[in-house]
Amino acid sequence: MTLELFWFVLIGVLFTGYFVLEGFDFGVGMLMPILGKGSDKRRRVVLNTIGPVWDGNEVWLITAAGAMFAAFPEWYASLFSGFYLALLLLLVALILRICAIEYRGKINDPKWRAWCDAGIGIGSWIPALAWGWLFANMVRGVPLNEKKQVVGSVWDLLSPYALLGGLATGALFALHGAIFLVLKTGGEVREDAQRTARLLLIPAVLIVGGFGLWTQLAYGTGWTWIALGAAVLGLVVAAGATLVGRDGWAFVGTALTVIAATVLIVGSMYPNVLPSTIDPAFSLTIDNASSSPYTLKVMSWAAALATPVVLIYQGWTYWVFRQRIRVEQIPAPIGLPLSKD
């Protein structure tokens, strides 16, 4: 395996970890207005399920973006310049979500909490939809010219395939989040999350299955049929386990679907990292977009030393905070009063 291929695979692994872990975070935020309806304690139960882990989950995105910048600078430059406004919106949504989560409990005021809840919802919905749209465009290709610049209008990026990709990640993350809430909550919140997960099953299966099949038929290769089959298997496991109340297996099913769908997308891109719809000769590949061999070698040693530490720490965090959360466990709010001065 060449260093270029190794880092392409590693970036795919980093995004896979991000989508599996941050995917249920987004799902929790997307469903918070529904499952938290009725009382602030219910909303705090929903939010507390991701409280100890959501910021650690975002490390996967930071690492993936950093690896892309260092290993494939041409890919990073063309992607971030061509999708500048969309990625700016995505970044603003993520910042809004972070601020809303961090500051929600600082002020003891219903209006303050309502605004923060809106920020959490918006900051979860936009990334959940945007990631699927972005990766679908990377599979389909963009108008990339001979200077490796994305040209054309925004309408070139709003194809039916790309829009379906956005709906697919939105539906899958919502289902993933609902099943995570079933796994992590107790009492009435868990019961409502279970009903919500069952309602989301059919739309998620149809949308995700349709996008996966379109991807395979239009852009896939022989071996990516395995990834598509694994994604379908994950949806079947999630559906069956949800219907019979096997929470852990249901979560394994949606996690498998997220992993397999990401493998399908990344595998359909290879050997391109950003195909050109103007002329295939203008496409960015793992060879013409990569850094020097020395840079990739140094990065490989750094990754080998740091990755096990990060994985051990994250695994320990999930183990420590593995208990279910109930409304009865939520104390009264202790935030400061909202100043009227």
*asked:* Counting C-beta onward and ignoring hydrogens, is there a side-chain heavy-atom pair between Arg140 and Ser159 closer than 4.5 Å?
replied: yes
*Gap separating the NZ atom of Lys184 from the CZ atom of Phe251, nearest 0.5 angstrom*: 10.5 Å
_Stepwise salt bridge (charged side-chain N to carboxylate O under 4.0 Å, His left out) test for Arg326 and Glu188_ = CA-CA 8 Å; Arg326 300 173 180 270; Glu188 58 184 16; over 6 Å; no
_Are Phe135 and Phe15 an aromatic pair, judged by ring center distance below 6.0 Å?_
yes
*asked:* Counting the benzene-type ring for Trp, do Phe19 and Phe26 have ring centres under 6.0 Å apart?
replied: no
*Report the distance from atom CG of Leu311 to atom OG1 of Thr307, rounding to the nearest 0.5 Å.*
6.5 Å
*Using a cut-off of 6.0 Å, state whether more than 12 heavy atoms not belonging to Trp214 lie near its atom CH2.*
yes
*I would like to know whether Leu47 and Met32 meet side-chain contact (heavy atoms from CB on, under 4.5 Å); could you show each step before the answer?*
CA-CA 7 Å; Leu47 188 58; Met32 189 174 167; 4.3 Å; yes
_Test item: Val142 and Thr277 side chains (from C-beta on) under 4.5 Å apart, heavy atoms_ = no
*Is it the case that more than 12 heavy atoms not belonging to Tyr103 sit under 6.0 Å from its OH atom?*
no
_Could you check whether Arg97 pairs with Glu102 (Lys NZ or Arg NE/NH1/NH2 to Asp/Glu carboxylate O, under 4.0 Å)?_
no
*Check against side-chain hydrogen bond (donor to acceptor under 3.5 Å, both in side chains), Trp7 and Ser300*: CA-CA 8 Å; Trp7 275 97; Ser300 299; 3.0 Å; yes
*What pair of heavy atoms forms the shortest contact from Leu79 to Leu274, and how long is it?*
N-CD2, 4.3 Å
_Would you say OH of Tyr313 has more than 12 non-hydrogen atoms from neighbouring residues, nucleotides or ligands within 6.0 angstrom?_
no
*asked:* If I take atom CE from residue Met269 and atom OG from residue Ser283, how far apart are they, to the nearest 0.5 angstrom?
replied: 11.0 Å
*Show your reasoning for whether ring-ring contact (aromatic ring centres under 6.0 Å, His included) applies to Phe69 and Phe80.*
CA-CA 10 Å; Phe69 171 76; Phe80 277 74; 9.1 Å; no
*Arg113 and Asp40, any side-chain heavy atoms less than 4.5 Å apart*: yes
*Under a 4.5 Å cut-off applied to non-hydrogen side-chain atoms, are Glu4 and Leu296 in contact?*
yes
*Check the pair Arg42 / Ile330 against side-chain contact (heavy atoms from CB on, under 4.5 Å), numbers first and verdict last.*
CA-CA 9 Å; Arg42 283 177 60 102; Ile330 302 298; over 6 Å; no
*Is Arg44 salt-bridged to Asp117, going by a charged N under 4.0 Å from an acidic O?*
no
*Residue that, paired with Leu175, satisfies side-chain contact (heavy atoms from CB on, under 4.5 Å) out of Thr254, Val208, Thr196, Val258*: Thr254
*Atom CG of Leu94 and atom OG of Ser124: how far apart are they, to the nearest 0.5 Å?*
9.0 Å
*asked:* Please determine whether the number of non-hydrogen atoms from other residues, nucleotides or ligands lying under 6.0 Å from atom CH2 of Trp316 exceeds 12.
replied: no
*Side chains of Leu89 and Leu85: does their closest heavy-atom pair fall under 4.5 Å?*
no
*Atom OG1 in Thr169, atom CG in Leu164: separation rounded to 0.5 Å?*
9.5 Å
_Contact between Thr295 and Met299 at the side-chain level, heavy atoms closer than 4.5 Å - yes or no?_
yes
_Salt-bridge contact Glu328-Lys41 (side-chain N to carboxylate O under 4.0 Å)_ = no
_Tyr318 side chain reached by Leu21 side chain, heavy atoms, under 4.5 Å_ = yes
*asked:* Distance check, rounded to the nearest 0.5 Å: Leu200 atom CG versus Thr242 atom OG1?
replied: 10.0 Å
*Trp131 side chain to Glu22 side chain, donor-acceptor N/O pair below 3.5 angstrom*: no
*Run the numbers on Tyr270 and Thr285 for side-chain hydrogen bond (donor to acceptor under 3.5 Å, both in side chains), then give the verdict.*
CA-CA 8 Å; Tyr270 179 81; Thr285 68; over 6 Å; no
*Are the charged groups of Arg324 and Asp247 less than 4.0 angstrom apart, N to O?*
yes
*Report the C-alpha distance between Leu183 and Ile179 in whole Å, list the side-chain angles of each, state the deciding distance to 0.1 Å, and finish with yes or no for side-chain contact (heavy atoms from CB on, under 4.5 Å).*
CA-CA 6 Å; Leu183 188 65; Ile179 291 175; 5.6 Å; no
*Would you say Thr16's side chain and Ile259's backbone share a donor-acceptor pair under 3.5 angstrom?*
no
*Might you work through the side-chain contact (heavy atoms from CB on, under 4.5 Å) test for Leu228 and Leu213, ending with a clear yes or no?*
CA-CA 7 Å; Leu228 178 61; Leu213 185 60; 4.2 Å; yes
*Should Asp192 and Lys37 count as an ion pair when the cut-off is N to O under 4.0 Å?*
no
*Do Val151 and Ile278 touch side chain to side chain, with heavy atoms closer than 4.5 Å?*
yes
*Inspect the surroundings of CG in Leu305 and state if more than 12 heavy atoms from other residues, nucleotides or ligands are less than 6.0 Å away.*
yes
*Between Phe83 and Trp133, does the ring centroid distance fall short of 6.0 Å?*
yes
*asked:* side-chain hydrogen bond (donor to acceptor under 3.5 Å, both in side chains), that's the test. Do Gln314 and Trp319 meet it? Break it down for me.
replied: CA-CA 9 Å; Gln314 278 212 303; Trp319 175 255; over 6 Å; no
